[in-house]
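Below, chain A is the first sequence line, B the second, and so on; all start at residue 1. If you're wondering where the values come from, they're calculated on a predicted model, not measured in any experiment.
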Amino acid sequence: MKRYAAERFIQMLVILFGTSFIIFFLFAMLPGDYIDSNVNLTPERAKELKALYGLDQPIWQRYVTWLGNVLSGDLGFSLKYQENVLSLLQKYVWNSFFVAFLALLVTWSAAMITGVISAVRKYSWFDGIVTFFVIASMAFPSFFISLLFIKWFGVDLKILPVGGMVDTGSTSSGFSYVLEAARHMILPVVILSMLGIGSLTRYFRSGMLDVIRQDYIRTARAKGLKERTVIWKHALKNALLPAITLLAFELPGLFSGAIIIEQIFGWPGVGRIQLESVHYRDYPVLMAFTLFLSCLTIVGNFLADIAYAAVDPRVRLK
Amino acid sequence: MTKPLLEVRHLETVFYTEEGAVKAVDDVSFTIHEEETVCIVGESGCGKSMASLSIMQLIPEAGRIERGAVHFSGRNLLKLKQKEMQKIRGCEIGMIFQEPMTSLNPVFTIGEQLTEPIREHLLLSKKEAWRKAVELLTLVEIPHAEQMMHRYPHELSGGMLQRIMTAVALSCDPKLIIADEPTTALDVTIQAQILDLLRDVKKQFHTSILFITHDLGVVAEMADYVIVMYAGKIVEEGPVAELFSDPKHPYTKGLLAAKPVIGQRRETLYTIPGQVPALADLSGSSCYFAERCEHSTAICRRSSPHFTEFGKGHQAACWLYGEEKADE
Amino acid sequence: MKQQKGAPPSLWKQTYRRLLHHKLTVISLLFLCFMFLLCFIGPSFSPYITDRTDISNANQHPGVHHWLGTDQYGRDVLTRLMLAGQISLTVGLASMVLSLVIGSLLGVAAGFYRGAADMIIMRIADMLMSIPGLPLLLILAAVMSEWKVPSEYRMYLIMMMLSLIGWPGLARLVRGQILSLKEQPFMMAAEVLGLSDKRKILYHLLPNTLPLLMVAATLHVAGAMLSESALSFLGLGVAPPTPSWGNMMEAANHYMDFTLRPWLWIPPGTAIFLTVVAIHLLGDGLRDAFDPKVKRQVKVK
Amino acid sequence: SAGEEPSSAADKKQETRIAHVKTKKFKASHPEALPVKSKARTDTFVAGISAPGGVFLPYFYENGWDGNATDPIFEPLVKLDKTGKPAPALAESWTISKDQLTYTFRLRKNLVFSDGSPLTAKDAAFTLTLLHDPAYAGYEDITTAYIKGGKAYKEGKAKTIEGIRVLDDRTIKITTEKVSAKSLLLLGGQVLSEAYYGKNYRFGKLDYLKELYAKPLGAGPYQFTEYLPGQEIRYQANKHYYSGKPKTEKLIYKIIDPSTSLQLFETGDLDYASFSPDDDTVEHLKSLGFANISVSVVNDYGLVYVNHKRPPFQDKKVSQALIYGLDRQKIVDVRFKHYGEVANVPVSPVSWAYDDKGVNPYTFNPEKAKKLLDEAGWKTGKDGVREKNGKKLEISYYTSKADDDFIPIAKENYADIGISLKPEVMDFNTEVAKINDKQYDLAAVSTSQILDPNGTVEKLASGHPNNVTGYSNPKADRLIEKGAGTLDISKRKEIYHQLYRELGENPPYILIHYRQSARAVSGKIKGLEPDNYSGISSSLSNVSIQ
Amino acid sequence: MSDVLLEVKGLKKYYEEQGGMRKARNNPVKAVDGVSFTIGKGEVFGLAGESGSGKSSIGKTILRLHDKTEGEVFFQGRDVFRMNRRELKTFRSEAQLIFQDPFSSLNPRRRIGEAIGEAMIEHQLAVKRNARDKAAEVLESCGLSANFIDRYPHEFSGGQRQRIVIARAMALKPQFIIMDEPVAALDVSIQAQMINLFSSLQQRHGLSYLFISHDLSVVEHLCTKVAIMYLGTIVEYASKEELFSRPLHPYTKALLSAVPVPDPRVKRERVMLKGDIPSPSDPPSGCKFRMRCPAAEKICAEKSPPLSEKGSQHFAACHFV
Ligand SMILES: Nc1ncnc2c1ncn2[C@@H]1O[C@H](COP(=O)(O)OP(=O)(O)OP(=O)(O)O)[C@@H](O)[C@H]1O
Ligand SMILES: Nc1ncnc2c1ncn2[C@@H]1O[C@H](COP(=O)(O)OP(=O)(O)OP(=O)(O)O)[C@@H](O)[C@H]1O
Ligand SMILES: [Mg+2]
Ligand SMILES: [Mg+2]
């Protein structure tokens with residue numbers, strides 16, 4: 001276990017280093033830097049500012065400086081937001097996290113239920129309809145679904161808010177705040193879930209189809225267990241196993257996949273920060289965010305391994 | 001002889017596949033009496049498992065029981081509702097499967113899997129079920145039964161798992177145990193242990209056993225009564241001693257002769273020529289063994305033979321013995 | 001099936017026969033053929049092939065002259081839909097082929113040779129997987145204009161880049177498959193027979209990953225078409241005025257067009273949807289059909 | 001004035017010649033049809049804002065939206081009125097010396113910041129000094145005000161800035177070294193409290209201010225209460241505001257995506273929103289019933305840069321042909337759907353400097369364009385594309401708008417006259433970088449709000465460091481310099497008129513459009529008069545809710 | 001003893017568990033733990049023993065499908081583990097392996113004609129043009145119809161597939177074939193056919209077999225020499241007649257007595273073994289069989305008995321025989 005953790009850790013460092021390197025140098029290939037985008041600056045002023053921000057140094061040196069700072073725990077200072085990157089991300093990342101997490105929850109539970117049912121009743125009308133909806137939800141661009149839902153639920157039916165995280169000017173706190181935020185979350189979460197649910201449902205369906213054919217399912221039936229127990233206890237737990245590996249890539253994916261949706265719904269998440277960091281060449285933010293996602297991927301992988309071991313006794317630690 | 005416990009009548013199980021309808025079990029009838037061990041032998045794919053699974057109504061999705069009746073303790077199982085059938089499975093009829101490694105759920109402990117049917121059928125509390133499970137494990141000669149309850153299947157050897165499967169099958173004191181090739185995946189020395197155990201259990205609990213195997217040696221050790229199947233049909237059946245000493249059907253004869261036996265040196269082995277037919281290619285109106293039979297005649301290819309009685313319940317389905325043969 | 005006694009049908013023939021057995025798959029296949037014909041041959045029957053702007057005819061309802069109406073420049077929506085289909089379908093297929101080739105090559109290399117190659121390929125895959133996609137796209141787009149890539153080709157280049165960086169998933173999949181295939185006795189047998197690596201990879205490993213690749217491929221076509229539309233939303237898609245289904249759907253982005261002129265977005269939306277559905281079903285069907293071991297069971301009535 | 005419906009399409013065309021049309025207003029037809037959400041808000045005014053960054057300190061924010069967000073909090077000495085002319089704000093008056101170099105501001109009596117602390121001329125002096133600090137890295141380039149001694153201070157050679165003198169609590173006198181039309185606004189900007197922002201100030205060290213970015217203190221009509229990142233900015237009426245506490249207790253800037261602002265207005269989440277109008281949008285707004293709509297010309301214009309450093313465009317005839325050959329009316333019609341007009345003068349019609357008399361209107365004329373190109377030596381080649389000395393007339397066009405209306409029309413128009421247009425969409429910063437490097441043929445840009453007409457033309461001066469079009473015209477150079485070198489508006493008006501005519505003859509770029517914007521205000525809101533120079537912020541203090 | 005074809009000396013094969021969490025046990029699996037034997041030309045050598053005792057591992061290691069851990073293997077005097085690529089290739093045509101499950105050792109996506117032909121092409125026994133005909137020839141020699149060459153493996157029955165696999169091996173004209181439980185997956189009635197085919201091929205071509213099986217009755221029928229394995233080591237080794245008539249090692253005895261006899265009248269006295277086979281990654285000290293041995297004593301736990309000659313050409317590893 002120790003050796004494993006150590007191996008993982010080294011791998012993680014390599015990956016983090018590699019990713020930061022790739023992103024940094026790709027970013028450097030972009031024409032223009034943060035200062036250049038301000039068309040009104042006189043060349044002298046621009047030069048002054050570049051010196052102030054350290055943008056006049058050669059790219060290598062900038063990378064080394066950046067790396068040094070990161071290693072000493074300093075992620076830098078956002079040029080656009082004039083704020084410490086860490087505190088900046090902290091402001092927004094939780095909002096994204098909540099939506100992403102809920103979406104993950106919804107995606108997985110819905111995919112699990114529909115996947116299992118359509119596997120158990122494969123080729124039934126239920127299976128057909130589920131398949132159809134699953135593909136439909138995958139087939140439309142997210143901005144389109146967002147606008148459609150806003151139109152239906154927000155403007156026409158007026159049952160759900162059009163955007164934001166709380167009602168305008170709301171001062172609610174405690175439980176009513178949670179309720180309010182929850183109402184605002186419904187559409188983004190649903191749409192975000194729709195994006196992922198398709199492939200996952202298919203995945204569960206085929207995983208379940210595999211499991212149902214296994215001998216131990218027949219044994220469970222031969223023991224006279226209720227069909228419910230057989231499917232939702234014996235079969236599902238096994239079908240879940242391979243899916244755990246998928247989970248590792250889901251979370252970072254949700255963070256970066258939510259950009260468009262956050263934008264349209266005015267959800268105060270990191271999506272906009274991320275986009276702006278590219279648009280305005282705010283490289284400390286972009287780099288920090290990239291590192292954050294890389295870490296999430298790696299940590300996700302690691303957690304998936306552990307979760308796998310927790311669920312599957314065959315790989316459990318001794 | 002004691003009274004019949006299970007009577008299977010004209011059972012027919014059909015698989016609907018791309019190649020057409022496959023009669024995996026074709027008009028099979030037999031009876032199991034109380035405290036009797038009945039063995040079904042036959043080659044792979046001849047429908048042994050499907051016959052037993054049809055009794056339990058656990059055949060795979062693609063299959064359907066098209067005809068027949070299965071009377072168990074006076075009830076026709078095929079007419080029961082799903083719920084009622086559930087009460088019989090695991091409770092009155094226990095089942096042991098071929099592959100102990102894959103027949104236990106890898107993600108649950110032995111304890112969980114063993115107490116499940118006990119709680120489901122005997123409605124015991126968790127604690128009582130646990131106690132009973134430990135007793136069962138001790139009964140099937142598992143050492144350190146308490147500890148074993150917390151183990152996972154992959155931590156145990158095949159022989160142990162098969163004993164645990166036996167414990168599961170015994171958990172609700174069934175009247176009948178169906179053992180579908182319980183030792184095929186095991187080594188000979190372990191096989192001997194399991195066979196011993198089954199015999200003990202039968203003596204102790206007065207259960208009947210439906211034992212499925214393709215190993216004639218095992219049959220000779222276990223059976224009171226033997227059924228020989230070929231391509232979905234029963235070709236011969238009879239008490240074990242009769243059948244081994246005086247096989248009637250050419251196929252049975254072939255089987256007995258083809259098997260090398262230690263200490264019986266032969267230059268070449270007797271072989272049954274040809275291949276086992278694919279069930280899908282068979283039509284109803286011939287003896288399915290005709291293609292490979294040395295004695296086959298025109299009638300064998302024309303119509304399927306009826307059973308001829310030889311006394312003591314020994315009968316075979318072969319034109320060699322039918323009256324029509326005389327007519328030819 | 002009596003003719004089975006004679007010359008046995010080949011795997012392809014069987015595959016073909018199995019495909020036909022599955023109605024949905026056939027329908028999907030036919031639909032895709034129809035889509036291709038529509039997009040690549042259809043425009044030549046259109047009187048509006050020049051795609052010229054004509055403000056006096058802007059925003060026409062669907063009608064006799066313009067079956068699907070016109071857009072705000074007075075261009076015929078149907079014609080544009082077909083022209084757009086050329087782009088979207090090409091992009092989908094091309095990027096599928098590319099990422100399939102790269103993904104399976106790298107996956108095979110990693111899985112077959114293991115060792116250092118495996119290590120390096122998989123670590124790079126990890127890296128690529130953890131790089132956030134959107135910034136990367138923006139960067140790539142900007143870099144390409146820096147390199148003076150003509151904008152007509154840029155879209156394709158972006159899609160190529162997408163496949164170039166999108167291989168890790170597939171490579172992982174293929175690698176896993178290769179690893180498990182390598183454990184199969186028939187690979188052991190190939191070893192015993194002293195077959196060369198080339199033969200082992202080309203004739204034994206790759207064909208056996210085919211069902212998997214089939215599904216991955218169909219998923220990828222759908223994915224590529226959708227990401228093309230997402231790219232258009234970000235302004236990284238095909239260069240206007242060339243239409244693509246993605247940038248036609250952009251019309252929905254304008255609230256009034258969205259509510260008042262559904263003929264602007266319903267056709268491309270439906271086209272994407274149906275194509276994706278068809279490709280999915282085809283993928284499912286192909287996977288089953290390509291597997292000689294799977295015998296599809298007939299439904300019990 | 002009630003909403004007058006234009007009767008026929010022809011009339012409509014006439015009316016939308018916006019240069020001559022005043023703001024058009026449509027009154028709410030059913031003010032009682034207010035959405036529930038809006039009805040529920042009785043003491044709060046909600047307006048939309050796109051993407052503020054959270055730095056609420058003038059001169060220091062890096063995000064234009066933060067400017068909008070700080071406007072209600074910080075009051076300048078001098079502001080611009082509806083017509084773009086300077087008007088008193090914190091300064092009750094100001095005088096400019098004869099030589100146009102010395103400015104003396106006279107502050108109002110008893111000014112205080114929103115925390116009750118006094119606001120004096122010292123605060124104004126502090127603000128200007130702060131901007132001269134070498135560590136100051138904000139957007140404002142105070143050196144263009146040429147304050148005497150400013151440079152010396154910045155370089156650390158002087159302890160104070162010589163040109164800034166506080167005469168008394170209410171008077172500040174600033175001496176500059178060069179006449180500049182920009183100076184008044186630069187000098188009379190928003191005032192920061194020295195007591196609050198200058199507490200820890202040491203020369204060359206401004207980091208301490210970062211702590212205060214999120215805790216603004218000013219003397220504007222509203223004071224900051226709370227910022228919910230990415231969601232909304234909340235304000236409260238400033239009871240110390242010099243012209244009295246605003247009538248509406250609370251103000252909220254809600255952060256929205258422009259693609260849903262109409263939806264949000266419709267559901268009552270916003271009390272005010274502005275749109276790029278078209279018939280559909282205006283009709284829709286009218287149909288809501290509760291919206292007071294005003295359609296007015298926006299203080300900017302759209303244009304396409306032409307890179308005069310590239311060979312084909314060094315010939316004036318080619319530039320002219322580009323304009324003649326382009327159906328700009330069509331572009332404007334598609335782009336603004338009856339709410340825009342073809343531009344011929346590089347300043348918005350709302351500016352006092354606007355005058356298009358005698359300026360060549362460049363009416364769409366492909367024949368003339370062809371002739372000009374012929375004359376310039378570009379002969380039609382085999383494939384219909386003109387060529388000269390073996391080089392084809394292929395022109396790239398950079399834009400950062402994915403659905404740029406210019407592309408389909410221009411591509412067609414130019415193809416007709418033998419020019420092959422290669423459009424390319426890229427992200428804004430890339431485009432800007434390319435423009436700055438003069439690596440382009442044509443590039444679409446849109447000006448930001450024009451505060452002073454000099455701003456739109458100064459970069460055409462051949463000596464200007466930011467002359468990204470590479471335009472060089474001695475006559476224009478002279479006029480530009482003259483226009484910036486005087487502060488007398490009537491004189492400047494004349495100068496600019498001459499300049500515009502000259503620019504018409506020797507076009508530096510392709511002017512495309514003026515546009516209108518539709519502003520919708522919820523019927524319950526009274527007193528809000530958005531204008532073209534300060535948006536809603538100048539009338540915020542008058543807003544009341546019925 | 002005539003010519004020695006294959007000589008195995010002190011062969012060991014340990015499966016190292018890779019590091020990492022998934023496989024936490026760090027003890028190597030001692031699948032083969034010091035095994036020596038020789039196989040002469042034309043000899044059929046039987047290897048029997050319980051599942052997991054390392055029979056297949058020996059077979060695979062001899063053919064260099066794995067790396068060895070220790071020991072040497074000589075094939076016709078050449079050290080198998082020192083062969084270069086070319087020699088290895090020749091070796092591959094001279095020594096062949098037939099697996100237990102004929103279906104899984106055939107590539108499901110390859111016609112059998114191709115499967116047989118490609119091996120011949122690879123070893124220059126055929127060229128592309130005549131590969132088909134040669135494949136057909138080989139098929140016929142193994143009792144299959146030549147029109148089968150264009151079919152796919154799944155279109156055959158188990159017995160036919162086994163013949164195909166044999167044909168594929170025979171196509172390379174090997175001298176030595178390792179048969180790894182070649183009949184275990186076959187139907188009873190087909191088993192006999194295969195066994196007969198094996199002996200006829202062996203006699204016709206003067207082949208040598210390493211015949212791996214746990215079915216002692218088959219071993220007895222086919223082999224000339226037999227070794228019994230237990231947990232990676234050979235516990236007894238003798239000529240067939242010797243071993244079956246006079247088993248020495250308690251494990252061999254138990255094994256023989258556990259083989260069920262298809263005759264209900266015969267009630268044999270059975271040596272019942274307690275317990276299960278221990279894990280090869282954690283074998284008991286001393287004699288590996290002692291945990292289950294009915295005759296085990298103290299010495300068995302302390303010393304592992306060497307394989308020593310207990311009769312003429314009859315070796316056994318037990319302290320008490
Ligand atoms: N899922 C299925 N789909 C189609 N046909 C099936 C299916 N399962 C079994 N069959 C058919 O039923 C026949 C009988 O199978 P069964 O499992 O009963 O044989 P068996 O005698 O138990 O063989 P074995 O000794 O290999 O266990 C097989 O020949 C097969 O063709
Ligand atoms: N590739 C491998 N990696 C790790 N352990 C292995 C591997 N192959 C075999 N083993 C282990 O080595 C031991 C011997 O296996 P082997 O297959 O040689 O036995 P066998 O005698 O052929 O058994 P069977 O009769 O079941 O075929 C077993 O415990 C097995 O688990
Ligand atoms: Mg079976
Ligand atoms: Mg083996």
Side-chain angles (χ1 to χ4, degrees), chain B residues 41-46 141 143 156-160 183 185-193 195-196 214-223 226 230 239-241 243-245 251 254-278 292, chain E residues 48-53 155-160 163 184-197 199-200 214-222 230 240-241 244-245 251 254-268 270-279 292:
Chain B
V41 271
E43 326 215 359
S44 175
C46 70
E141 296 165 28
L156 306 179
S157 69
M160 298 253 247
T183 58
L186 301 177
D187 294 312
V188 267
T189 57
I190 308 294
Q191 168 175 306
Q193 291 174 6
L195 294 183
D196 243 28
H214 60 245
D215 187 336
L216 288 169
V218 174
V219 173
E221 271 184 36
M222 293 294 293
V226 184
Y230 187 79
V240 64
L243 196 108
F244 274 83
S245 59
Y251 175 64
L255 274 190
L256 284 169
K259 176 104 179 120
V261 179
I262 294 179
Q264 297 178 12
R265 178 86 199 125
R266 280 173 288 183
E267 220 14 79
T268 49
L269 293 174
Y270 173 80
T271 60
I272 306 175
Q275 306 286 337
V276 183
R292 305 175 66 190
Chain E
E50 263 169 284
S51 169
S53 56
E155 296 168 52
F156 293 93
S157 69
Q160 288 170 326
R163 282 173 201 263
L186 295 182
D187 289 321
V188 195
S189 67
I190 308 298
Q191 264 189 26
Q193 294 177 6
M194 293 307 9
I195 292 169
N196 287 344
L197 178 66
S199 22
S200 75
H214 60 243
D215 190 338
L216 287 171
S217 51
V218 177
V219 169
E220 194 218 30
H221 179 81
L222 211 60
Y230 189 81
K240 174 182 73 184
E241 291 76 17
F244 281 91
S245 58
Y251 176 65
L255 203 56
L256 281 171
S257 78
V259 178
V261 181
D263 187 347
R265 288 161 306 186
V266 182
K267 285 280 176 268
R268 272 200 303 165
R270 191 173 266 168
V271 187
M272 280 307 264
L273 295 177
K274 333 178 267 278
D276 297 278
I277 309 172
S279 150
R292 303 176 71 201

Engineer: Quick one: pull up CG in E:Asp263 and CG in B:Leu216 and give me the separation to the nearest 0.5 Å.
Structural biologist: 11.0 Å
Engineer: With chain E as the partner, which of B:Asp215, B:Val261, B:Leu156 has the greatest number of non-hydrogen pairs under 4.5 Å?
Structural biologist: B:Val261
Engineer: Output the option from B:Ser157, B:Pro143, B:Gly217 having the highest count of non-hydrogen pairs under 4.5 Å with chain E.
Structural biologist: B:Gly217
Engineer: Among E:Arg265, E:His214, E:Met272, who wins on heavy-atom pairs under 4.5 Å with chain B?
Structural biologist: E:Met272
Engineer: By side chain to side chain donor-acceptor pair (under 3.5 Å), which residues pair with E:Gln191, not counting sequence neighbours?
Structural biologist: none
Engineer: Got a second to check how far B:Tyr230's OH is from E:Ser189's OG, nearest 0.5 Å?
Structural biologist: 6.5 Å
Engineer: Under the side chain to side chain donor-acceptor pair (under 3.5 Å) rule, collect the residues that match up with B:Thr189, sequence neighbours excluded.
Structural biologist: E:Glu50, E:Arg292
Engineer: Any side-chain to backbone donor/acceptor pair from B:Glu221 onto E:Pro264? Under 3.5 Å, distance only.
Structural biologist: no
Engineer: Looking at B:Cys46, B:Gly263, B:Gly254, B:Gly158, which makes the most heavy-atom pairs under 4.5 Å with chain E?
Structural biologist: B:Gly263
Engineer: For E:Ser217 and B:Pro260, work out which heavy atoms get closest and say how close.
Structural biologist: CB-O, 3.2 Å
Engineer: Hey, could you give me the NE2/CG distance between B:His214 and E:Asp187, rounded to the nearest 0.5 Å?
Structural biologist: 8.0 Å
Engineer: Compare every heavy atom of B:Gln193 with every heavy atom of E:Lys274, then report the nearest pair and how far apart it is.
Structural biologist: C-NE2, 3.8 Å
Engineer: Can you tell me which of B:Asp187, B:Thr271, B:Leu186 forms the most heavy-atom pairs within a distance under 4.5 Å of chain E?
Structural biologist: B:Asp187
Engineer: Does E:Pro262 reach the side chain of B:Val219, with side-chain heavy atoms less than 4.5 Å apart?
Structural biologist: no
Engineer: Answer yes when B:Lys259 and E:Asp215 have at least one side-chain N-carboxylate O distance shorter than 4.0 Å, and no when they do not.
Structural biologist: yes
Engineer: Measure the CG-CG distance between E:Asn196 and B:Leu269 for me, rounded to the nearest 0.5 Å.
Structural biologist: 5.0 Å
Engineer: Determine whether B:Gln191 and E:Val259 satisfy the following criterion, side-chain contact (heavy atoms from CB on, under 4.5 Å), listing intermediate values before the conclusion.
Structural biologist: CA-CA 9 Å; B:Gln191 168 175 306; E:Val259 178; over 6 Å; no
Engineer: I'd like to know whether B:Glu267 forms a side-chain contact (heavy atoms from CB on, under 4.5 Å) with E:Ser199, so could you lay out the CA-CA distance, the side-chain angles of the two residues, the decisive distance to 0.1 Å, and finally the verdict.
Structural biologist: CA-CA 10 Å; B:Glu267 220 14 79; E:Ser199 22; over 6 Å; no
Engineer: Looking at B:Ala220, B:Ala257, B:Ala241, which has the largest count of heavy-atom pairs under 4.5 Å with chain E?
Structural biologist: B:Ala220
Engineer: Give, as side chain, backbone, both or neither, the part of E:Leu255 having an atom under 4.5 angstrom from any heavy atom of chain B.
Structural biologist: both
Engineer: Tell me, for E:Glu241 versus chain B, whether the close heavy atoms (under 4.5 Å) come from the side chain, the backbone, both or neither.
Structural biologist: neither
Engineer: I'd like to know which of B:Gly274, B:Gly42, B:Gly45 tops the heavy-atom pair count under 4.5 Å against chain E.
Structural biologist: B:Gly274
